[in-house]
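So the structure is just underneath, and the comments pick up after that.
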There are 2 protein chains.
Amino acid sequence: MTSDLRRPERTFTIRNLCVEFRVTPRALRFYEDKGLLYPAREGLNRVYNHRDRARLQLILRGKRVGLSLAEIREILDLYDENDGGAAQMAKSLKKFRERILALEAQRDDIDGAIEQLRGGCDRMERQLTQLRPDLLPRAADYDQVLRARLDGVADNAHAE
Amino acid sequence: MTSDLRRPERTFTIRNLCVEFRVTPRALRFYEDKGLLYPAREGLNRVYNHRDRARLQLILRGKRVGLSLAEIREILDLYDENDGGAAQMAKSLKKFRERILALEAQRDDIDGAIEQLRGGCDRMERQLTQLRPDLLPRAADYDQVLRARLDGVADNAHAE
DNA sequence: GGCACACTTGACGTTAACGTAAGGGGCATC
DNA sequence: GATGCCCCTTACGTTAACGTCAAGTGTGCC
């Protein structure tokens with residue numbers, strides 16, 4: 001039952017993908033409008049195949065890491081278009097490498113921000129341990145957050 | 001000469017900070033409008049001190065890691081406001097921890113994206129080595145990018 | 001045939017984060 | 001005293017990424 005999601009011949013309605021990836025139909029149509037997706041049609045209705053679904057995954061991940069739809073489109077195009085000759089591919093390669101450098105810089109930024117926040121946490125924890133140890137959030141609260149995240153992962157487990 | 005940047009009593013004009021952090025005056029006034037900054041005044045003119053400058057650094061880093069100005073403001077407020085009692089601090093602590101979890105998730109996303117792009121690079125490199133080894137970008141190009149990044153770092157070296 | 005439901009297109013509305021233009025004050029300098 | 005430069009406020013414009021609403025089509029079901 002989870003295995004027919006794997007069957008490459010399986011297709012998806014717009015709603016299927018919306019539910020699976022928690023986006024709205026409007027968003028998918030918008031991505032299509034912008035040239036990031038081009039699902040087949042059955043009459044008027046859109047029919048998404050596995051390739052479309054994979055592209056959507058890339059789009060959403062791209063968004064999460066802060067890329068604009070235009071940038072994502074460019075990358076997707078590069079992925080596709082590279083039968084247009086070796087020169088094209090060389091250009092794509094360069095752009096990919098640039099993106100990697102940018103992402104690495106961004107990751108360093110994030111690590112810095114995390115450190116900063118951790119410093120703040122430490123200070124506050126020390127203060128609270130001193131003043132009001134009863135107010136210190138304990139393992140119980142923390143577990144809730146972790147559980148929430150794990151649930152989220154479970155939801156999308158088959159989507160990976 | 002770089003050392004008077006360190007002197008805590010030193011103040012800055014709006015242009016000083018704009019040049020140093022490569023933002024526009026409009027942006028600084030906008031942040032003030034939104035309550036993220038509140039520099040002193042000398043007549044009508046804004047006068048920024050070291051605390052304002054530090055806040056600006058945090059704002060810009062927050063932006064780079066994808067936080068909205070509203071979220072950044074919330075964090076900054078939490079940093080300040082924590083003389084408002086231990087209860088407040090406990091709430092701040094919780095929010096800080098949430099932010100940390102979110103940032104860690106985002107970093108994992110970025111790592112995933114980097115891996116994906118690296119995979120694409122590898123495939124393209126193999127293809128090119130096969131077909132047109134002359135088109136392979138070489139150390140020279142790569143160094144340029146690195147140099148650009150190092151220059152950027154050097155520009156902001158005293159800002160760290 | 002009438003109803004519900006999912007899909008479609010088209011068009012206007014919305015929010016965040018500024019950009020930009022208009023109009024004006026303060027101070028140095030030629 | 002006119003020019004130039006930096007600062008100010010007010011206010012309207014802009015872009016991205018959708019949200020929302022209107023109006024229409026097609027499909028199954030009772």
Side-chain angles (χ1 to χ4, degrees), chain A residues 10-49 52-53 55-77 99 102 106 109 113, chain B residues 10-49 52-53 55-77 99 102 106 109 113:
Chain A
R10 184 186 159 176
T11 63
F12 308 86
T13 75
I14 195 171
R15 193 141 303 259
N16 289 156
L17 294 187
C18 288
V19 169
E20 180 175 357
F21 294 106
R22 303 174 180 282
V23 294
T24 68
R26 177 69 175 102
L28 293 195
R29 297 194 191 106
F30 186 75
Y31 299 153
E32 188 174 343
D33 233 52
K34 296 290 172 184
L36 284 84
L37 289 176
Y38 23 89
R41 297 293 180 122
E42 198 167 87
L44 276 183
N45 293 5
R46 289 166 176 82
V47 180
Y48 298 85
N49 60 22
D52 299 317
R53 182 169 165 281
R55 285 177 77 91
L56 178 56
Q57 278 190 52
L58 289 180
I59 293 170
L60 297 179
R61 171 179 295 185
K63 288 199 50 180
R64 287 198 302 269
V65 306
L67 302 185
S68 74
L69 293 187
E71 292 169 318
I72 296 172
R73 180 192 166 153
E74 202 181 347
I75 293 180
L76 289 177
D77 286 355
R99 277 273 143 251
Q106 195 182 337
D109 256 334
Chain B
R10 178 177 167 186
T11 63
F12 308 86
T13 76
I14 195 171
R15 192 140 304 257
N16 287 158
L17 294 186
C18 287
V19 169
E20 180 175 358
F21 294 106
R22 302 173 180 282
V23 293
T24 68
R26 177 70 175 101
L28 293 195
R29 297 193 191 107
F30 186 75
Y31 299 154
E32 187 174 343
D33 233 51
K34 296 292 174 181
L36 283 84
L37 289 176
Y38 22 88
R41 297 292 179 126
E42 199 168 87
L44 276 183
N45 294 7
R46 291 166 175 81
V47 180
Y48 299 86
N49 60 23
D52 298 317
R53 183 168 165 282
R55 286 177 76 92
L56 179 55
Q57 279 192 50
L58 289 179
I59 293 170
L60 297 179
R61 171 179 294 183
K63 288 200 51 182
R64 287 199 301 269
V65 306
L67 302 184
S68 73
L69 292 186
E71 292 168 320
I72 296 172
R73 180 193 167 152
E74 203 182 347
I75 293 180
L76 289 178
D77 285 356
R99 277 274 144 250
Q106 195 183 339
D109 257 333

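Each chain gets a letter, A, B and so on, in the order its sequence line appears, and its residues count up from 1.
- With salt bridges taken as basic N to acidic carboxylate O contacts below 4.0 Å, none links D33(B) and R29(B).
- For the side-chain hydrogen bond (donor to acceptor under 3.5 Å, both in side chains) test, residues two or more places apart in sequence or in another chain that qualify with D109(B) are R64(A).
- In this structure, T24(B) and C18(B) approach most closely via the heavy-atom pair C-SG, 3.5 Å.
- Between R29(A) and the phosphate of dA11(C), there is no side-chain N or O to OP1/OP2 separation shorter than 4.0 Å.
- Of all non-hydrogen atoms in L37(A) and L56(A), the two that sit nearest each other are CD2-N, 4.2 Å.
- Not a single donor-acceptor pair under 3.5 Å links the side chain of R53(A) to the backbone N or O of L17(A).
- Between the CZ atom of R41(B) and the P atom of dC7(D) there is a distance of 13 Å, given to the nearest Å.
- Protein atom CG of L28(B) is 14 Å distant from nucleotide atom C1' of dG19(C), rounded to whole Å.
- Between T24(B) and the phosphate of dG19(C), there is a side-chain N or O to OP1/OP2 separation shorter than 4.0 Å.
- Rounded to whole Å, the distance from CG on L44(A) to C1' on dG10(C) is 14 Å.
- Y48(B) has its OH atom 16 Å from the P atom of dC6(D), to the nearest Å.
- Listed pair R46(A) / dC7(C) fails the phosphate criterion, with no side-chain N or O lying under 4.0 Å from OP1 or OP2.
- With sequence neighbours left out, S68(B) forms a side-chain hydrogen bond (donor to acceptor under 3.5 Å, both in side chains) with E71(B).
- Distance R15(B) CZ to dG26(C) P: 19 Å, rounded to the nearest Å.
- Taking the C1' atoms of five terminal pairs at each end of the helix from dG1(C)-dC30(D) to dC30(C)-dG1(D), the two resulting helix axes are inclined by 20°, rounded to 10°.
- In this structure, I14(A) places its CD1 atom 15 Å from C1' of dC5(C), rounding to the nearest Å.
- In this structure, E42(B) atom CD and dC8(D) atom P are separated by 11 Å, rounded to whole Å.
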Donor-acceptor pairs under 3.5 angstrom involving side-chain atoms of residues 40-49 of chain B: please list them, not counting sequence neighbours.
from, atom 1, to, atom 2, distance (Å)
R41(B), NH1, L44(B), O, 2.7
R41(B), NH2, E32(B), OE2, 3.0
R46(B), NE, E32(B), OE1, 2.5
N49(B), OD1, R51(B), N, 3.0
N49(B), OD1, D52(B), N, 2.9

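- The CZ atom of F12(A) sits 15 Å away from the P atom of dC7(C) (whole-angstrom rounding).
- In this view, E74(B) and K95(B) satisfy the side-chain hydrogen bond (donor to acceptor under 3.5 Å, both in side chains) rule, not counting sequence neighbours.
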Every protein N/O within reach of nucleotides 13-17 of chain D N/O, cut-off under 3.5 Å:
from, atom 1, to, atom 2, distance (Å)
dA17(D), OP1, L69(A), N, 2.9

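- Of all heavy-atom pairs spanning L76(A) and L36(A), the tightest one is CD1-O, 4.0 Å.
- For dC7(D), one of the phosphate oxygens OP1 or OP2 lies less than 4.0 angstrom from a side-chain nitrogen or oxygen of T13(B).
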